[in-house]
Structures are given as structure tokens and as C-alpha cells.
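Report on the structure given below.
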Amino acid sequence: MSTKVLLINGPNLNLLGLREPHIYGHTTLKDVEEAARKQTESYGLTLEAFQSNNEGAIIDRLHEARRKCKFIVINPGGLTHTSVALRDALLGIEVPFIEVHASNIHAREPFRHHSYLSDKAVGVICGLGVFGYTAAFDFVAQKLGMTAVLK
Ligand code: CA2
């Protein structure tokens with residue numbers, strides 16, 4: 001059976017590449033998901049990707065991943081700074097995760113400096129733009145012991 005990994009993007013990340021390019025760049029979420037799919041496929045992994053503007057829907061999707069997905073890469077969007085419920089869900093499913101932010105949250109408003117997830121993440125990447133997702137999946141593949149599949 002294939003090894004599944006999950007990419008989650010939280011509220012407003014459907015606007016990636018479409019608004020505020022000076023902060024988030026020009027790459028769209030569709031581009032990010034397609035690149036992640038190709039990248040994970042090259043490692044013999046199967047990607048599942050999910051974006052929602054609804055906290056409950058994200059929590060439900062995380063519950064579904066329990067015992068099915070081996071690793072999660074998550075950009076929780078604004079929920080990063082507000083959601084105890086998202087923290088509880090990630091802890092409850094016991095799937096390791098990497099927290100990714102396109103922008104450098106520490107160089108922005110003080111309310112973005114705190115994350116409810118970071119202390120439970122395997123790692124946190126911020127400020128590298130959408131390359132953060134690529135770096136995260138390279139790390140995931142290495143962690144899962146996958147080597148690139150040559151075609
Ligand atoms: O830097 C990141 O990736 C963030 O997770 C993005 C969140 C923000 O609340 C976090 O503090 C940092 C915002 C979601 C993106 O919202 C957009 C709004 C307009 C255009 C593009 C994205």
C-alpha cells in the first residue's frame with residue numbers, strides 16, 4: 001500500500017498568488033498543490049491535499065488522516081494564532097506534522113508571533129515563500145526513508 005502524506009492549507013490560503021503578492025508571492029495554491037504532488041510522487045509518496053476556510057472542516061479532515069497518513073504539512077493560516085482546537089486535533093491524531101508559513105510571521109505584527117502549534121511540530125518553516133512547502137516535503141521524504149524514484 002502507498003504511503004500517504006497530507007497537505008493542509010487553512011483559511012484564506014485559497015487566495016495565495018491572487019492577492020497581496022508583496023507578502024505571499026505570485027504562486028497560486030493550485031501551483032503549490034501540483035508541485036507538491038509531483039515532488040511527493042517522485043519520492044514514491046501519495047499526496048492528499050486539502051484547503052478550507054472552515055476550522056471544523058480542517059479538524060474533520062485531520063481526524064480522517066489518523067492512522068492513514070504518515071506525515072502532515074500544514075499551513076494553518078490565521079488559525080495558527082488562535083486555535084486551541086486545531087492544536088488539540090493535531091495532538092489527538094498522533095501524526096507528525098511540519099508547520100509552514102510563506103511569510104516570516106516573526107517579522108510581522110506581534111499577534112502573528114505566537115503559534116498554538118509550533119511547540120508540537122516536528123519543525124517550523126517560515127519566511128521562505130512557497131519554497132517552504134518544497135523544503136517541508138523533502139524533509140518528510142527523508143524522514144520516511146524514501147529515495148527519489150527515477151523514471
Ligand atoms: O505566512 C503564512 O503563510 C500565513 O500562515 C498566512 C496567513 C496568516 O494569517 C498567517 O499569519 C501567516 C494568511 C492566509 C493568507 O491570506 C492571504 C490573503 C491574501 C492573499 C493571499 C493570502
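These figures come from a predicted structure and were not determined experimentally. First listed ligand is number 1; within each ligand, the first listed atom is number 1.
Between Tyr43 and Gln39, the closest heavy-atom pair is CD1-O, 3.2 Å.
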Name each donor-acceptor pair under 3.5 Å that joins a side chain in residues 98-108 to protein atoms two or more places apart or in another chain, with its distance.
unit_1, atom_1, unit_2, atom_2, d
Glu99, OE1, Ser115, OG, 3.2
Glu99, OE1, Ser118, N, 3.1
Glu99, OE1, Ser118, OG, 2.9
Glu99, OE2, His101, NE2, 2.6
Glu99, OE2, Ser115, OG, 3.1
Glu99, OE2, Ser118, OG, 3.4
Ser103, OG, Arg108, NH1, 2.9
Asn104, OD1, His106, N, 3.0
Arg108, NH1, Tyr24, OH, 3.0
Arg108, NH2, Tyr24, OH, 3.4

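We find the CZ-CG distance between Phe50 and Asn9 to be 10.5 Å, quoted to the nearest 0.5 Å.
Annotation: side-chain hydrogen bond (donor to acceptor under 3.5 Å, both in side chains) contacts involving residues 72-83, sequence neighbours excluded, comprise Glu55-Ser83, Asn75-Tyr133. The salt bridge (Lys or Arg N to Asp or Glu O under 4.0 Å) contacts involving residues 63-84 comprise Arg61-Glu64, where partners must be two or more places apart or lie in separate chains.
Enumerated by chain and number, the residues approaching ligand 1 to less than 4.0 Å through a heavy atom are Pro11, Asn12, Leu13, Leu15, Leu16, Arg19, Glu20, Tyr24, Asn75, Gly77, Gly78, His81, His101, Ala102, Ser103, Ile105, Arg112.
By the criterion of side-chain heavy atoms lying less than 4.5 angstrom apart, applied directly or through intervening Ile, Leu, Val, Met, Phe, Trp or Tyr residues, Phe71 is grouped together with Phe137 in one hydrophobic cluster.
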